[in-house]
Trainee: 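Here it is, the structure in full.
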Amino acid sequence: MRLTALLDNITAQGGSGPWAPHQPLATPLGEKDVAEFDRLVAGLLPCRSNDPELWFAERATEVEQAKALCRTCPLVEGCLAGALERREPWGVWGGEVFVDGVVVARKRGRGRPSKAEVLARQAEEAARREDRAGDEASASAPAA
């Protein structure tokens with residue numbers, strides 16, 4: 001059965017127009033119809049048609065792959081909203097990475113950070129200190 005035919009059976013008006021939930025279904029769905037609907041929808045959702053472990057991976061490359069797959073999903077906004085509401089502890093939800101219930105820019109791998117990351121962080125901190133020192137010096141200088 002095609003997805004459009006299943007959607008037509010779900011709505012009380014017999015078409016894909018607005019559906020009032022208080023109205024009974026025109027044609028009750030059978031077990032076979034529900035299974036077919038689930039199969040068709042699963043084909044549209046990357047998290048249902050790929051390895052579920054990908055969305056909870058440890059490696060940064062796999063996490064980025066899951067985020068890229070999420071961008072093709074028709075439910076990405078709702079998925080992200082639900083994950084934020086539930087404060088998902090970890091994983092990729094709605095194309096974003098969650099760690100301890102908070103969205104983070106990227107997931108850091110296990111173990112020590114690389115030397116390049118440490119040096120980059122130290123350079124950023126040094127630049128911030130220099131900026132603060134320059135701001136303080138210009139604030140305390142007498143006006144001419």
Side-chain angles (χ1 to χ4, degrees), residues 1-140:
M1 184 178 276
R2 295 181 55 193
L3 180 60
T4 54
L6 285 170
L7 291 173
D8 286 345
N9 283 336
I10 290 174
T11 61
Q13 287 82 23
S16 56
W19 177 60
H22 65 281
Q23 296 176 348
L25 295 176
T27 307
L29 294 177
E31 216 172 282
K32 186 177 178 182
D33 293 332
V34 172
E36 178 70 8
F37 183 78
D38 287 344
R39 187 188 64 75
L40 289 169
V41 170
L44 298 172
L45 306 177
C47 58
R48 299 292 174 104
S49 56
N50 290 286
D51 181 15
E53 295 296 318
L54 188 62
W55 277 261
F56 300 96
E58 291 294 328
R59 294 188 186 122
T61 56
E62 292 173 339
V63 170
E64 291 303 317
Q65 182 183 358
K67 287 170 59 176
L69 287 169
C70 282
R71 285 188 215 102
T72 67
C73 182
L75 303 177
V76 68
E77 293 89 9
C79 179
L80 179 59
L84 288 168
E85 184 179 313
R86 292 186 307 273
R87 293 188 46 88
E88 283 294 337
W90 68 297
V92 176
W93 297 89
E96 298 292 340
V97 180
F98 282 75
V99 175
D100 295 327
V102 179
V103 174
V104 295
R106 67 182 190 88
K107 185 174 180 176
R108 192 176 81 68
R110 287 185 160 181
R112 289 182 156 177
S114 70
K115 288 183 180 181
E117 288 180 44
V118 172
L119 292 173
R121 191 177 321 122
Q122 289 173 347
E124 287 174 8
E125 290 172 5
R128 277 195 294 262
R129 280 194 300 269
E130 287 177 15
D131 287 343
R132 276 190 241 128
D135 291 343
E136 290 173 4
S138 63
S140 62

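What you see below is based on every heavy atom in this structure, not just the backbone, and it leaves out hydrogens, waters and symmetry mates. Everything numeric here is computed off the predicted structure, so don't read it as measured data.
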Trainee: How would you list, by chain and number, every residue that makes a side-chain contact (heavy atoms from CB on, under 4.5 Å) with E130, sequence neighbours excluded?
Mentor: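 Once residues adjacent in sequence are excluded, E130 has no partner under the side-chain contact (heavy atoms from CB on, under 4.5 Å) criterion.
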
Trainee: So that I can tick it off, tell me whether E36 and R39 are bridged by a salt bridge, with the cut-off set at under 4.0 angstrom between side-chain N and carboxylate O.
Mentor: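 A salt bridge links R39 with E36.
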
Trainee: Applying side-chain contact (heavy atoms from CB on, under 4.5 Å), name anything that partners Q122, two or more places apart in sequence or on another chain.
Mentor: V118, L119

Trainee: With a 4.5 Å cut-off on side-chain heavy atoms, are V97 and V103 touching?
Mentor: no

Trainee: Mind jotting down which residue pairs meet the salt bridge (charged side-chain N to carboxylate O under 4.0 Å, His left out) criterion with at least one end in residues 63-72? Sequence neighbours excluded, please.
Mentor: E64-K67

Trainee: side-chain contact (heavy atoms from CB on, under 4.5 Å) with L75: which residues, sequence neighbours excluded?
Mentor: L45, C73

Trainee: Which atom pair, heavy atoms only, marks the closest approach of T72 to P46?
Mentor: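 Reported closest heavy-atom pair: OG1-CG, 3.9 Å.
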
Trainee: Nearest 0.5 angstrom please: F56 CZ to W93 CH2, how far?
Mentor: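 So the CZ of F56 and the CH2 of W93 are separated by 4.5 Å.
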
Trainee: Which residues satisfy the salt bridge (charged side-chain N to carboxylate O under 4.0 Å, His left out) test with R59, sequence neighbours excluded?
Mentor: E62

Trainee: Any pair with a residue in residues 93-102 that passes salt bridge (charged side-chain N to carboxylate O under 4.0 Å, His left out), sequence neighbours left out, goes on the list, sorted by first then second residue, please.
Mentor: none

Trainee: Identify every side-chain donor-acceptor pair in residues 82-91 under 3.5 Å, counting partners at least two apart or on other chains, and give the distances.
Mentor:
unit_1 : atom_1 : unit_2 : atom_2 : d
R86    : NE     : E88    : OE2    : 2.6
R86    : NH1    : G82    : O      : 3.3
R86    : NH2    : E88    : OE2    : 3.1

Trainee: For the pair C70 and V92, evaluate side-chain contact (heavy atoms from CB on, under 4.5 Å) and give the outcome as yes or no after the intermediate values.
Mentor: CA-CA 8 Å; C70 282; V92 176; 3.9 Å; yes

